[in-house]
A.B. asks: 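Mind having a look at this structure? Questions to follow.
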Amino acid sequence: MTAIKIAVIPGDGIGKEVMQEALKVLNCLQEQHSSLQIETTIFPWSSDYYVQHGCMMPNDALATLQTYDAILFGAIGDARVPDDVTVWELIMPIRKHFQQYVNFRPIKSLPGIASPLANGKEIDFVIFRENAEGEYSDSGGRLYQQQPQEMTIQNTIMTRIGIEKIVHAACEYAKQHGKTKITSATKSNAIIHSMKFWDEHTSKAVKQSSPALQLESIYIDALVAYFVERPQNFEVVVASNLFGDILSDLGSAIVGGLGLSPSANLNPEKDFPSMFEPVHGSAPDIAGKGIANPIAQIWSLALLLGHQGRPDLEQLIVKAITAVLQEGVVKTADIGGQATTAQMGDAICQEIINRTLTAGGVYHGS
């Protein structure tokens, strides 16, 4: 059996701490499942690397990463390096070069985590954020710098193909998981060129994918309000890069916070490696204290394994996380407890071991 090759980039701050727990879970899985063969390589590309070398990663980094099946990413951000440098010299090149045009984020209620917005009802939807173009483009510039007439232009880039690809991906997910509705985030009443274009091709793409799916288009300002008022009403949300970024962080807050929320930057065709990372940042205020919540990073690992053809192990990890939270004994500070990062990782590993033993050494997802 060919081993799955994973490139590991812990990054900055708590990224290094939560990544350690994800790798602990991965080692636990390999010990319990002899059929799982994984090779990991850790790359030190980070703000520390930038301070030493003047770049976030070496010139041949993308060529190196392309030889791997997937990328497991931690977090990035450090006061010593401007945020636009860390983003545009590390994360963005990976997303764009490897055509990771789907940013997939599950928004799901978890047991033991109180949400003021749940009202006793389960919250369970996903966001498909267009990840390769849209508002996050380096097209633009400045003129007349340091003069009274100084000006800037920032261009939004939307292509028909780009819109169709993200909408088709959202529709395929909906059909596979028995969903009936696609919600599109728009603002075409005010952004009359790019967002009208988005609306037109979103509508066409949904009809092409599945006429049975219901499409609702909601203005972004109303949509953020509806996320708060009635989050249970959503199934699959599709959005442009900027709108999806805002909505997915709001969604994470709705169900308990960024420390619980994973994400996947996907190249669905698997022509290039996909990248899996927690939603949270490097959190320099708590870095080094050993109190960061590793669940988002561990759940991101679960998404990676599912994408690599092991949905059984993805389900096992998610069920282990759910069981630990439901028991409520081990909780990190962000969710009302006093457990350390390592203690949370240990608890999830122990639950994986227990479930595998209960299943007679072969986990079937029960």
Side-chain angles (χ1 to χ4, degrees), residues 8 10-11 13-33 36 72 74-75 105-118 122-124 251-263 276-306 312-359 363 365-366:
V8 178
I14 64 168
K16 299 173 184 177
E17 300 169 48
V18 297
M19 184 64 77
Q20 185 173 342
E21 300 311 304
L23 295 179
K24 182 191 293 181
V25 169
L26 185 57
N27 289 335
C28 177
L29 288 170
Q30 291 186 94
E31 290 173 358
Q32 300 298 313
H33 301 266
L36 180 62
L72 189 62
R105 297 195 181 183
I107 309 297
K108 183 175 176 59
S109 300
L110 293 169
I113 305 298
S115 168
L117 304 179
E122 184 180 12
I123 300 170
D124 188 4
S252 298
I254 287 171
V255 294
L258 299 182
L260 300 166
S261 300
S263 75
F276 302 81
E277 60 179 312
V279 171
H280 63 68
S282 59
D285 57 323
I286 63 169
K289 297 182 179 180
I291 61 173
N293 190 340
I295 286 179
Q297 184 76 74
I298 294 170
W299 196 344
S300 297
L301 169 65
L303 295 179
L304 184 157
L305 292 172
D312 57 327
L313 298 182
E314 176 184 2
Q315 187 180 31
L316 173 56
I317 293 174
V318 174
K319 285 186 175 293
I321 291 170
T322 301
V324 170
L325 291 176
Q326 189 165 24
E327 186 179 19
V329 175
V330 180
K331 286 186 173 183
T332 47
D334 62 309
I335 51 176
Q338 297 180 336
T340 66
T341 306
Q343 287 170 338
M344 178 63 82
D346 289 342
I348 293 170
C349 285
Q350 188 59 55
E351 185 63 33
I352 288 172
I353 293 170
N354 294 344
R355 286 175 170 268
T356 303
L357 293 175
T358 301
Y363 183 73
S366 60

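Note that the coordinates shown come from a computational prediction; the quantities given were computed from them, not determined experimentally. Along the sequence shown, the residues carry numbers beginning at 1.
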A.B. asks: Once you round to the nearest 0.5 Å, how far does CG of Asn293 lie from CG of Leu258?
C.D. replies: 10.5 Å
A.B. asks: How close do Ala287 and Ser282 get, counting heavy atoms only, and between which atoms?
C.D. replies: CB-O, 4.4 Å
A.B. asks: Has Gln297 got a side-chain atom pairing as donor or acceptor with Pro294's backbone, closer than 3.5 angstrom?
C.D. replies: no
A.B. asks: Do the side chain of Thr332 and the main chain of Ile291 share a donor and acceptor less than 3.5 angstrom apart?
C.D. replies: no
A.B. asks: Would you check if the side chain of Lys331 reaches a backbone N or O of Gly112 as a donor-acceptor pair within less than 3.5 Å?
C.D. replies: yes
A.B. asks: Could you walk me through whether Asn354 and Gln350 pass the side chain to side chain donor-acceptor pair (under 3.5 Å) test, one step at a time?
C.D. replies: CA-CA 6 Å; Asn354 294 344; Gln350 188 59 55; 3.0 Å; yes
A.B. asks: So, for Ser109 and Val255, which heavy atoms are closest and what is the spacing to 0.1 Å?
C.D. replies: N-CG1, 3.9 Å
A.B. asks: Does a side-chain heavy-atom distance below 4.5 Å link Ile335 with Leu325?
C.D. replies: yes
A.B. asks: Could you tell me whether a side-chain N or O of Glu17 sits under 3.5 Å from a main-chain N or O of Gly288, the two making a donor and an acceptor?
C.D. replies: yes
A.B. asks: So, do His280 and Val18 sit near enough that their side-chain heavy atoms are less than 4.5 Å apart?
C.D. replies: yes
A.B. asks: Measure across Trp299 and Leu110 and return the closest heavy-atom pair with its distance rounded to 0.1 Å.
C.D. replies: CZ3-CD1, 4.0 Å
A.B. asks: Considering all heavy atoms of both residues, which atom of Leu316 and which atom of Leu29 are nearest to each other, and what is their separation?
C.D. replies: CD2-CD2, 3.9 Å
A.B. asks: To the nearest 0.5 Å, what is the distance between CD on Glu351 and CG on Asp346?
C.D. replies: 13.5 Å
A.B. asks: Can you tell me how far apart CD1 (Ile298) and CD1 (Ile348) are? Round to the nearest 0.5 Å.
C.D. replies: 3.5 Å
A.B. asks: Shortest non-hydrogen contact from Ile352 to Ala320?
C.D. replies: CG1-CB, 3.7 Å
A.B. asks: Is there a side-chain contact between Val279 and Pro262 in this structure, where contact means two heavy atoms from C-beta onward sitting under 4.5 Å apart?
C.D. replies: no
A.B. asks: Work out which heavy atom in Ser300 is nearest to a heavy atom in Ser263; give both atom names and the distance.
C.D. replies: OG-N, 3.6 Å
